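See structure below.
Only a predicted model underlies this, so the values are computations on that prediction, with no experimental measurement involved. Quick note on labels: first sequence line is chain A, next is B, and so on, each numbered from 1.
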Protein chains: 2
Amino acid sequence: MQLQKLTKARGNEEKRRFDDACGLAHAMELLGERWAMLVLRELAYGSRRFSDLKHDLQGISANVLTQRLTELEARGLVRKTKLPPPAAVQVYEATRWGLEAVPVIASLGKWAARSPLHNPELRMSHVSVVMSLQTLISAERAKGFDARVGFRFGDTSYVTTVHDGALDVERRDADDCDVTFIGSPSEIAAVIHGGAPIEMIKVEGDLELAERFRTLFPLPEKVAVG
Amino acid sequence: MQLQKLTKARGNEEKRRFDDACGLAHAMELLGERWAMLVLRELAYGSRRFSDLKHDLQGISANVLTQRLTELEARGLVRKTKLPPPAAVQVYEATRWGLEAVPVIASLGKWAARSPLHNPELRMSHVSVVMSLQTLISAERAKGFDARVGFRFGDTSYVTTVHDGALDVERRDADDCDVTFIGSPSEIAAVIHGGAPIEMIKVEGDLELAERFRTLFPLPEKVAVG
DNA sequence: CCGTATCCAATAAGATACTG
DNA sequence: CAGTATCTTATTGGATACGG
C-alpha cells in the first residue's frame, strides 16, 4: 500500500513495474509492451529503417514505433546506427543479446500457431514468413537436403540455406539460388504451409526442388478444444 | 483506414488485434496482456485458487486477475475446476497446451535474467524459485547427481528430483526427501543463486548434499553494455 | 523522405470498497 | 474466500503538424 503511493510519487519514472525478481517478470519489463516483440522480430535478420518497420508492422503508428524503439534501445536490445556512406541513412539493429531472444520468441510463435483461434489467413510480413520456415523446419525431413532457396517479396529478398536439417537465413539479393520463390508473403506462406497450388506464385529455377522444399515444414498440430 | 473504422464499429468485440498471421503476433494476443504470462507461470506446477494467485502475484489487483483468468480460459490455456470433495474449492489449472508454453516462457526468463537492468533482490514467488532451478540446471554439472531435494516455503512445499541432468518438480509435502531447504523464496534464491551463506536458511537432512546441490545452477552471464 | 512532438479519444490497468 | 463494481490514472492508437 505504501509502495503504490511511492510509485505514484516518483511520477512516471518507474511507473508500472512488476517488482518481481523472476526472470520472466523482467522479460515482461523488457519486451512486454505491445508491439515490442514484433519490432524485435522485424530486426531478426538485420537492420531496418524506421519506415521499413512502420510498413511491415502494419497497424503500428509512428509515435508508438518511436517509443518502442527508444525503449528497446534504452534496455540494450536495439541499437540505432547509421549505415556507412553513401547510404548514410539511419537504421535500427538488434544487439547481440537482443538477437538471442529471437529463437525464444519464435518458439512462442510456434506454440501459439497451434491455437484453434489462430487465423493464418491474415497478412504476414516477409520476416515472419522466413522465420516460420526457420522455426518449423523438420530436421528429420530435411536430412540430406542441401540447397539454397531464395525468396523475393517485392524489393526485399532473402536467401535461405538448408543444410544439416536446419535453415539459415540472410537478407540479400537472391540471385545465386537453386530456386527462388516470388510472391507476396501471404501467397508464399499459403503455398508452403497451406498446401496451396504452387502456381499461385512464381518460381524461378529448379521447380522440382521447390516442390521438395515445401514439404520440409510440417505445421504443428492444432490443439483440441479441451 | 476503412479497417480501423470497421474495428471501431464492431465495438469492443474485436478491439485491439495485430491482424497478423504470424504465430508470434497470435502469441501476443493469447498471452500478451500484462500479467498473463506470470499467471500462467503460477499454474505451472498444478492448480491454484484465486487467492493463492492474488497472493503470489504480488501487486496484481483482483479485477485484473479475474480478467486475465477469464481471458486465458476463453483462449484455452486455463481451465476452472472444482477440487473433489471434501475440499470442493474452486481452482484454476493450466490446460495441457497451456503447460506447453511454460518451458518457452521460462527460456524467456532465462534470457531476460542476463539483462544488466535485472534486479535479483526483489521478491520472488515460490513458483519462480523452483522454476529457476528447473531452467538453470546444468546437465553437465548434474551428471550423475541423483537426489530428491525438498523445499518448504511456509505452508507450500515442493519436491524436486534431480535425475539424468534434469530437475523434475512436484508441488507436495517434502517429507521423503534426502534434504530439504526451508526459508522464504528470496532467501533460498540468495543461497542457491546468489552464493549467500547457507546458514541464512534452514536445511533438514543431508547438509553435504545441499552444498553440492546448490552448485548445479550456474547463473547465465550478464550481457555487456554494448 | 525520415522521423518527432503534440493532441485527443478509446482502452486497459490500478486502488478501493463492497457483495454473495 | 471469490470475485464485482466503481472510480481514477496510465497507456494506446490515430491524426496531424512540425523539424531536418
Side-chain angles (χ1 to χ4, degrees), chain A residues 1-19 25 28-29 32-39 47-71 73 78 80-83 86-92 155, chain B residues 1-20 28-29 31-39 47-73 78 80-83 86-93:
Chain A
M1 311 286 158
Q2 319 96 296
L3 247 174
Q4 278 73 29
K5 284 268 162 60
L6 247 172
T7 306
K8 194 172 293 183
R10 274 177 297 191
N12 38 9
E13 159 200 341
E14 304 197 10
K15 44 218 161 175
R16 291 209 285 156
R17 291 289 192 78
F18 289 105
D19 286 322
M28 297 322 289
E29 280 164 2
E33 278 105 10
R34 202 171 152 73
W35 294 106
M37 290 195 198
L38 301 182
V39 170
S47 62
R48 314 228 63 200
R49 39 167 85 184
F50 188 91
S51 53
D52 296 332
L53 294 169
K54 171 119 171 55
H55 175 260
D56 292 341
L57 294 167
Q58 199 169 288
I60 198 171
S61 57
N63 51 2
V64 172
L65 179 54
T66 302
Q67 201 178 324
R68 283 305 92 89
L69 287 169
T70 310
E71 291 159 358
E73 193 184 8
V78 162
K80 203 172 182 170
T81 57
K82 255 194 163 54
L83 242 42
V89 299
Q90 174 153 286
V91 294
Y92 296 88
D155 53 4
Chain B
M1 310 285 162
Q2 319 95 296
L3 248 173
Q4 278 73 28
K5 285 267 162 61
L6 249 172
T7 307
K8 196 170 291 181
R10 273 176 297 190
N12 37 9
E13 158 199 342
E14 303 196 12
K15 44 218 160 173
R16 292 211 285 155
R17 291 290 191 79
F18 288 106
D19 285 321
D20 188 329
M28 297 322 290
E29 279 163 6
L31 271 176
E33 278 104 10
R34 202 169 152 72
W35 294 107
M37 291 195 197
L38 301 181
V39 170
S47 62
R48 314 230 62 201
R49 41 166 84 184
F50 188 91
S51 52
D52 295 334
L53 294 170
K54 172 116 170 55
H55 175 260
D56 292 341
L57 294 167
Q58 198 170 288
I60 198 172
S61 56
N63 51 1
V64 172
L65 180 53
T66 302
Q67 201 177 323
R68 283 305 92 90
L69 287 168
T70 310
E71 291 159 358
L72 291 175
E73 193 184 8
V78 162
K80 202 173 183 170
T81 57
K82 254 194 164 50
L83 243 42
V89 298
Q90 175 153 285
V91 294
Y92 296 87
E93 65 180 6

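In this structure, Leu65(A) atom CG and dC2(C) atom C1' are separated by 12 Å, rounded to whole Å. Regarding Arg17(A), its CZ atom lies at a distance of 22 Å from the P atom of dT9(D), rounded to whole Å. Nucleotide dG3(D) holds its P atom 10 Å from the CG atom of Leu53(B), rounded to whole Å. Rounding to whole angstrom units, CD of residue Gln58(A) and C1' of dG14(D) are separated by 15 Å. Atom CZ of Phe50(B) is separated from atom C1' of dG20(C) by 15 Å (rounded to the nearest Å). In this entry the distance linking CZ of Phe18(A) with P of dG14(C) reads 8 Å, nearest Å. For Ile60(A) and dG3(C), the CD1 to P distance is 13 Å, given to the nearest whole Å. As a whole-Å value, the separation of Gln67(B) CD from dA15(C) C1' is 15 Å.
Here Trp35(B) does not reach the OP1 or OP2 of dA12(C): none of its side-chain N or O atoms lies under 4.0 Å away. Using a 4.0 Å cut-off, some side-chain N or O of Thr66(A) falls inside it from OP1 or OP2 of dT4(C). The side chain of Lys54(B) contributes no N or O atom lying less than 4.0 Å from OP1 or OP2 of dA15(C).
Glu73(B) pairs by the salt bridge (charged side-chain N to carboxylate O under 4.0 Å, His left out) definition with nothing, not counting sequence neighbours. Under the rule for a side-chain contact (heavy atoms from CB on, under 4.5 Å), the partners of Asn63(B) that lie at least two apart in sequence or sit in another chain are Ser61(B). Listed by chain and number, the residues in a side-chain contact (heavy atoms from CB on, under 4.5 Å) with Gln90(B) are Lys80(B), Lys82(B), Tyr92(B) (sequence neighbours excluded). Under the rule for a ring-ring contact (aromatic ring centres under 6.0 Å, His included), the partners of Phe18(A) that lie at least two apart in sequence or sit in another chain are Trp35(B). Shown here are the salt bridge (charged side-chain N to carboxylate O under 4.0 Å, His left out) partners of Glu29(B), two or more places apart in sequence or in another chain: there are none.
Among the nucleotides dA13(C), dT4(C), dC1(D), the one closest to the side chain of Tyr92(A) is dT4(C). The side chain of Val64(B) lies closest to dG14(C), out of dT4(D), dG14(C), dC1(C). Comparing dG14(C), dC2(C), dG3(D) by their closest approach to the side chain of Arg34(B) singles out dG14(C). Looking at the side chain of Arg49(B), the nearest of the listed nucleotides dG3(D), dC2(C), dA2(D) is dA2(D). Residue Arg68(B) has its side chain nearest to dA13(C) when only dG3(C), dG3(D), dA13(C) are considered. For Asn63(B), counting side-chain heavy atoms from C-beta on, the closest listed nucleotide (dT6(D), dA13(C), dA15(D)) is dT6(D). Of the candidate nucleotides dG14(C), dT12(D), dG3(C), dG3(C) has the atom nearest to the side chain of Gln90(A). Checked against dC2(C), dC1(D), dG13(D), the side chain of Ser61(A) finds its nearest nucleotide in dG13(D).
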Test Val91(A) against Phe50(A) for side chain to side chain contact (heavy atoms under 4.5 Å, CB included), laying out the working first. CA-CA 7 Å; Val91(A) 294; Phe50(A) 188 91; over 6 Å; no
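Using a 4.0 Å heavy-atom cutoff across all strands shown, Ser51(B) reaches sugar-phosphate atoms only and no base atom.
Shown here for Val64(A) and Ile60(A), the closest heavy-atom pair between the two residues is CG1-CG1, 4.0 Å.
Fit an axis to the five pairs at each end of the helix from dC1(C)-dG20(D) to dG20(C)-dC1(D) and the two axes sit 30° apart, to the nearest 10 degrees.
The CG atom of Leu69(A) sits 12.0 Å away from atom NZ of Lys54(A), with the distance rounded to the nearest 0.5 Å.
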